[in-house]
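Structure, as structure tokens:
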Number of protein chains: 2
Amino acid sequence: MVISARVHYACVAMLELAIQHDDGAPVAIREITDRHGIPGPFLVQILRSLRALGWVQSIRGSQGGYRLSVDPTTITLLDIAEAIGSQEAGCRTEGKGTPIATMLQEQWDDAADASRSILGQATLSGLVERTQQGDASMFYI
Amino acid sequence: MVISARVHYACVAMLELAIQHDDGAPVAIREITDRHGIPGPFLVQILRSLRALGWVQSIRGSQGGYRLSVDPTTITLLDIAEAIGSQEAGCRTEGKGTPIATMLQEQWDDAADASRSILGQATLSGLVERTQQGDASMFYI
DNA sequence: AGATACTTGACTAAAGAGATCATATTTATA
DNA sequence: TATAAATATGATCTCTTTAGTCAAGTATCT
Ligand code: FES
Ligand code: FES
């Protein structure tokens, strides 16, 4: 479970869209990049991936932008990390199956499962709620 | 917590040395590479790191090899992964500290801690015991 | 002496990460 | 309808890390 910049930015973007989910207007890329110091063209790449997943919807032209197209209670950080992040490398000694390698693989899997269990509980809506409790800024209309 | 080939090989080597810990004779690199298909010169690099940590001891010359120089009950997979693996990248939005980034960082930390907790319980001696129960091969004299 | 085995430092190839750019297309609005 | 504001797309690029390699040297046992 390696959290690359790509994954982090994807999560930031999804959270920003979740915050303005009830609002009607789409969110422009600029709004997100300005707020978080993310390189614009890089975020474009990432949003394309998110759109391909069906998680966001894009509106072109003036006043365009992006909108969340899924229920924020159903998407977790785990979903984003696994969809956007690089594929798990997989066991290198696959096929050899020495007792030691097999047992080690179990340990790595156990450790990864523990991580996944945490991230799988972190829904977008849950996190949005938390950040809005934390600081009292107003995002809702 | 990314488990690279380097970390995996280090764990394999430490476990092989732990298995023959009570035995007097040192273990040659060849024994380990043959058994696990690890590139020889690569394992040499890794054993140098392990020696620098004070975890193994090398005996040169004919009949030479490596020996564990620590108590296998005190070293865990977590210790090896953190010592041999790459440094944690650290937060990219450090200093900005937007509420979202801060909150995300907490989630990544929580997930990493969960992994660490698992790997921190896996001592070399514990794992050796498990592999020897699993298959009945005789390593002890 | 000769075989065996570790020592050391430098080196290389391939992959992945993190962007960046130029050009095209769509849409609201003045 | 002209214009500005946005996204769309595909290619390219640089940097770092990872994994692996090589050659020449040194120590020790028999
Ligand atoms: S490569 Fe197989 S367990 Fe690490
Ligand atoms: S870069 Fe700061 S939490 Fe991901």
Side-chain angles (χ1 to χ4, degrees), chain A residues 1-13 16-17 24-34 36-53 55-69 81 84-93, chain B residues 1-13 16-17 20 24-34 36-52 55-69 81 84-93:
Chain A
M1 185 59 45
V2 48
I3 305 301
S4 58
R6 200 179 219 86
V7 167
H8 176 74
Y9 294 158
C11 292
V12 168
E16 287 282 3
L17 297 189
V27 181
I29 286 185
R30 284 291 303 277
E31 283 184 61
I32 301 177
T33 55
D34 284 357
H36 293 93
I38 302 174
F42 193 21
L43 185 56
V44 170
Q45 272 190 17
I46 293 163
L47 282 167
R48 277 171 77 178
S49 305
L50 292 175
R51 195 187 45 172
L53 290 164
W55 290 349
V56 306
Q57 171 190 3
S58 66
I59 295 97
R60 298 176 67 159
S62 184
Q63 307 304 312
Y66 290 85
R67 214 161 12 202
L68 208 62
S69 59
I84 297 297
S86 53
Q87 276 56 279
E88 304 286 312
C91 178
R92 212 165 309 274
T93 46
Chain B
M1 185 60 47
V2 47
I3 304 301
S4 58
R6 200 181 219 85
V7 167
H8 176 73
Y9 294 158
C11 291
V12 168
E16 286 284 2
L17 297 189
Q20 306 199 34
V27 180
I29 286 184
R30 286 290 304 278
E31 282 184 63
I32 301 177
T33 57
D34 284 357
H36 293 93
I38 302 174
F42 194 21
L43 186 56
V44 169
Q45 271 190 15
I46 294 164
L47 282 166
R48 276 171 78 178
S49 305
L50 293 174
R51 195 186 46 171
W55 290 349
V56 307
Q57 171 191 4
S58 65
I59 295 97
R60 300 175 65 160
S62 184
Q63 308 304 311
Y66 290 85
R67 213 162 10 202
L68 209 61
S69 58
I84 298 297
S86 53
Q87 276 56 277
E88 304 288 309
C91 176
R92 211 164 311 271
T93 46

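Any value given below was found using the heavy atoms of this structure, including those in side chains, with hydrogens, waters and symmetry copies removed. Naming: A, B, ... by sequence-line order, numbering from 1 per chain.
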Review point. Does a distance-only test, which skips hydrogens and angles, find a donor-acceptor pair under 3.5 Å between the side chain of B:Q45 and the base of D:dT21?
Key: yes
Point to revise | Length of the CZ-C1' vector between A:R30 and D:dA4, whole Å | key: 13 Å
**Study point:** Any B:S62 side-chain nitrogen or oxygen under 4.0 Å from OP1 or OP2 of C:dG2
**Key:** no
Practice item. Starting at CD of B:E16, measure out to OG1 of B:T33 and round the result to the nearest 0.5 Å. Key: 10.5 Å
**Study point:** A:I3 CD1 - C:dA17 C1' separation (whole Å)
**Key:** 14 Å
Exercise for review: Please tell me which of B:I59 and A:A28 maps to the more 5' nucleotide of DNA chain D, matching each residue to the nucleotide holding its nearest heavy atom.
Suggested key: A:A28
Practice item. Report the nucleotide, chosen from D:dC22, C:dT27, C:dC6, that has the shortest atom-to-atom distance to any side-chain atom of B:S58. Key: C:dC6
Practice item. Give A:P39 one of three labels, base, sugar-phosphate or nothing, depending on what nucleic acid heavy atoms sit under 4.0 Å from its own. Key: sugar-phosphate
Practice item. Could you tell me whether a side-chain N or O of B:S58 sits under 3.5 Å from a main-chain N or O of B:Y66, the two making a donor and an acceptor? Key: no
Check your understanding: OP1 or OP2 of D:dA19 less than 4.0 angstrom from a side-chain nitrogen or oxygen of B:Y9, does that happen here?
Key -> no
Check your understanding: For the pair made of CG in A:L43 and P in C:dT20, what is the distance, rounded to whole Å?
Key -> 13 Å
Practice item. With the side chain of B:R6 defined as its heavy atoms from C-beta on, choose the nearest nucleotide among D:dA19, C:dC21, C:dT7. Key: D:dA19
Point to revise | Closest-nucleotide ordering on DNA chain C, the 5'-leading residue of A:F42 and A:G61 | key: A:F42
Exercise for review: Establish, with yes or no, whether the OP1 or OP2 oxygen of D:dA8 is under 4.0 angstrom from a side-chain nitrogen or oxygen of A:Y66.
Suggested key: yes
Review point. Counting any heavy atom closer than 4.0 Å, what does B:R48 reach on the DNA or RNA strands: base, sugar-phosphate only, or nothing?
Key: base
Practice item. For B:R67 and D:dT28, give me the distance from atom CZ to atom P, rounded to whole Å. Key: 13 Å
Review point. What is the distance, rounded to the nearest whole Å, between atom CD1 of A:I46 and atom C1' of D:dT9?
Key: 16 Å
Review point. Taking N and O atoms by type only, does the side chain of B:R60 place a donor or acceptor under 3.5 Å from a partner on the base of D:dT28?
Key: no
Exercise for review: Would you please confirm or rule out a distance under 4.0 Å between OP1 or OP2 of D:dT9 and any side-chain N or O of A:R51?
Suggested key: yes
Practice item. With heavy atoms under 4.0 Å as the rule, sort A:I29 into base, sugar-phosphate or nothing. Key: sugar-phosphate
Review point. To the nearest angstrom, how far is A:Q63 atom CD from D:dT3 atom P?
Key: 19 Å
Check your understanding: In Å, rounded to the nearest 0.5 Å, how long is the span from CD1 of B:I32 to CD of B:Q20?
Key -> 8.0 Å
Review point. With a 4.0 Å cut-off on heavy atoms, is A:G40 in touch with a base, just the backbone sugar-phosphate, or nothing at all?
Key: nothing
Check your understanding: CZ of B:R6 to CG of B:L43: how many Å apart, nearest 0.5 Å?
Key -> 11.0 Å
Exercise for review: Grab the CD-P distance between B:Q57 and C:dC6 for me, whole Å please.
Suggested key: 13 Å
Review point. Sequence neighbours excluded, which residues qualify as salt bridge (Lys or Arg N to Asp or Glu O under 4.0 Å) partners of B:R30?
Key: B:D34
Exercise for review: Hey, could you give me the CG/CZ distance between A:L50 and A:R48, rounded to the nearest 0.5 Å?
Suggested key: 12.0 Å
Practice item. Assign A:L47 to base, sugar-phosphate, or nothing according to its heavy-atom contacts below 4.0 angstrom with the strands shown. Key: nothing
